[in-house]
Visitor: 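This is the structure I want to talk about, given as structure tokens.
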Amino acid sequence: MGSFVSSLFGGSGGDETSYSEGPSRVLSFHSSARWQLHFNEVKESGQLLVVDFSASWCGPCKFIEPAIHAMAGKFTDVNFVKIDVDELSDVAGEFQVQAMPTFVLFKGGKIIDRVVGAKKDELEKKVEKHRALQA
């Protein structure tokens, strides 16, 4: 899948888009322009998009990361993205992220829900609920 996504964005992604090690389906963006491209594409698809706003220094973010990767593997029809608030502070500001981790759920380009904190069960319930709903 990595090469498919890479072909969508032209190239291997370089240091602007990265993929976690192993078979994870969580994309990380390091460029606002690449993020915007991806966001627009997912918005048109009507697919549920879960954005994990986190930081490298955030303990709860590191704690919940394996659960996010597991959810991405379980819910293959959902698009999971990780954004470091220190790298893309403009994107974090656009969505009023004030605490980490914050998970923002989008459908059709609109915010439909959010979870603040490393609340795995709450996030999983919201993903299950919203993935079944039409955009």
Side-chain angles (χ1 to χ4, degrees):
M1 178 175 143
S3 60
F4 169 73
V5 174
S6 295
S7 68
L8 287 175
F9 300 121
S12 64
D15 57 349
E16 295 177 346
T17 308
S18 64
Y19 307 89
S20 301
E21 288 184 25
S24 176
R25 298 182 57 257
V26 180
L27 289 175
S28 293
F29 288 92
H30 307 283
S31 153
S32 295
R34 291 280 177 147
W35 152 251
Q36 195 60 54
L37 238 135
H38 183 75
F39 181 75
N40 290 339
E41 177 129 341
V42 174
K43 176 170 60 174
E44 297 301 317
S45 77
Q47 185 179 32
L48 178 62
L49 171 65
V50 178
V51 182
D52 171 7
F53 288 95
S54 62
S56 59
W57 47 264
C58 168
C61 300
K62 291 177 184 177
F63 174 77
I64 198 167
E65 189 169 0
I68 302 309
H69 290 276
M71 276 186 236
K74 178 178 178 181
F75 303 118
T76 57
D77 57 330
V78 177
N79 199 295
F80 286 84
V81 168
K82 180 177 178 176
I83 291 181
D84 186 307
V85 298
D86 292 325
E87 286 183 18
L88 299 183
S89 57
D90 56 329
V91 177
E94 180 182 349
F95 298 112
Q96 290 123 22
V97 173
Q98 298 177 349
M100 277 70 66
T102 293
F103 300 92
V104 182
L105 286 71
F106 297 88
K107 210 156 201 187
K110 303 218 182 313
I111 296 174
I112 57 170
D113 221 329
R114 105 175 22 224
V115 175
V116 178
K119 301 173 184 168
K120 174 190 164 297
D121 293 338
E122 182 181 341
L123 178 62
E124 191 161 0
K125 284 177 186 158
K126 289 185 177 193
V127 168
E128 285 176 346
K129 171 187 168 186
H130 292 299
R131 69 191 272 262
L133 300 175
Q134 295 296 326

Visitor: Find out whether L48 and L105 are in side-chain contact, i.e. whether some heavy atom of one side chain is under 4.5 Å from a heavy atom of the other.
Guide: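 Contact flag for L48/L105 side chains = yes.
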Visitor: Would you say the side chain of F103 lies within less than 4.5 Å of the side chain of K119, judging by non-hydrogen atoms?
Guide: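 Not touching, per the 4.5 Å side-chain cut-off.
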Visitor: Can you tell me how far apart CE (M100) and OG (S56) are? Round to the nearest 0.5 Å.
Guide: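 The CE atom of M100 sits 10.0 Å away from the OG atom of S56.
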Visitor: Count I, L, V, M, F, W, Y as connected when their side-chain heavy atoms are under 4.5 Å apart, and connections chain through other members. Are I111 and V81 then in the same cluster?
Guide: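 Looking at the clustering, V81 is in the same group as I111.
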Visitor: Could you go through the side chain to side chain contact (heavy atoms under 4.5 Å, CB included) check for T102 and F95 one step at a time?
Guide: CA-CA 10 Å; T102 293; F95 298 112; over 6 Å; no
Visitor: Nearest 0.5 angstrom please: D84 CG to F29 CZ, how far?
Guide: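 Separation between the atoms: 14.0 Å.
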Visitor: If I compare all heavy atoms of A55 with all of C61, which pair ends up nearest, and what's the gap?
Guide: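 Smallest interatomic distance, heavy atoms only, reads N-SG, 3.8 Å.
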Visitor: Under a 4.5 Å side-chain heavy-atom rule over Ile, Leu, Val, Met, Phe, Trp and Tyr, are L88 and L27 clustered together?
Guide: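 Yes, one cluster joins them.
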Visitor: Do the non-hydrogen side-chain atoms of W35 and I83 ever get within less than 4.5 Å of each other?
Guide: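 The answer is yes, as the side chains (C-beta and beyond) meet within the 4.5 Å cut-off.
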Visitor: Going hydrophobic residue to hydrophobic residue with side-chain gaps under 4.5 angstrom, can you get from I64 over to F75?
Guide: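 As far as the 4.5 Å side-chain criterion goes, F75 and I64 are connected within one cluster.
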Visitor: Side-chain contact test, heavy atoms from C-beta onward, threshold under 4.5 Å: evaluate it for V26 versus D52 and give yes or no.
Guide: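 When only atoms from C-beta onward are counted, D52 and V26 do not touch, as no gap falls below 4.5 Å.
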Visitor: With no hydrogens and no angle check, is any side-chain donor or acceptor of E87 less than 3.5 Å from a backbone partner on S31?
Guide: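 No; judged by distance alone, with no hydrogens or angles, the pair does not exist.
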Visitor: Are side-chain heavy atoms of K120 and E124 found at a separation under 4.5 Å?
Guide: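 The answer is yes, as the side chains (C-beta and beyond) meet within the 4.5 Å cut-off.
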Visitor: Would you say the side chains of E44 and N40 form a donor-acceptor pair under 3.5 Å?
Guide: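 There is no such pair (donor and acceptor under 3.5 Å, judged by atom type) between the side chains of E44 and N40.
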Visitor: Do the non-hydrogen side-chain atoms of K82 and I68 ever get within less than 4.5 Å of each other?
Guide: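 No; the side chains remain at least 4.5 Å from each other.
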Visitor: Tell me, with the steps shown, if V42 and F106 meet side chain to side chain contact (heavy atoms under 4.5 Å, CB included).
Guide: CA-CA 9 Å; V42 174; F106 297 88; over 6 Å; no
Visitor: Any salt bridge between K74 and E128, counting N to O under 4.0 Å?
Guide: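 Yes, this pair counts.
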Visitor: For the backbone of R114 and the side chain of K126, can you confirm whether one donor and one acceptor N or O come within less than 3.5 Å of each other?
Guide: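 Yes; judged by distance alone, with no hydrogens or angles, the pair exists.
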Visitor: May I ask you to test the N79-H38 pair for a side-chain heavy-atom distance under 4.5 Å?
Guide: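 Yes, their side chains come closer than 4.5 Å.
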Visitor: Pick one: which of H130, K129, K107 meets side chain to side chain donor-acceptor pair (under 3.5 Å) with D113?
Guide: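 Exactly one candidate clears the test, H130.
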Visitor: Show the nearest heavy-atom pair for residues S32 and V91, with the distance to one decimal.
Guide: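 Nearest heavy atoms, S32 then V91: OG-CG2, 3.9 Å.
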Visitor: Applying the 4.5 Å side-chain criterion to the ILVMFWY set and letting contacts propagate, would F53 and W57 be lumped into a single cluster?
Guide: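 As far as the 4.5 Å side-chain criterion goes, W57 and F53 are connected within one cluster.
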Visitor: Backbone N or O of T76 within a donor-acceptor pair of the R25 side chain at under 3.5 Å?
Guide: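 Side chain of R25 to backbone of T76, a donor-acceptor pair under 3.5 Å: yes, one is there.
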Visitor: Roughly how far apart are E94 CD and Q36 CD, rounded to 0.5 Å?
Guide: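 These two atoms lie 6.5 Å from each other.
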Visitor: Do V51 and F39 pass the side chain to side chain contact (heavy atoms under 4.5 Å, CB included) test, and can you show the C-alpha distance, the side-chain angles, and the key distance before you say yes or no?
Guide: CA-CA 10 Å; V51 182; F39 181 75; 5.9 Å; no
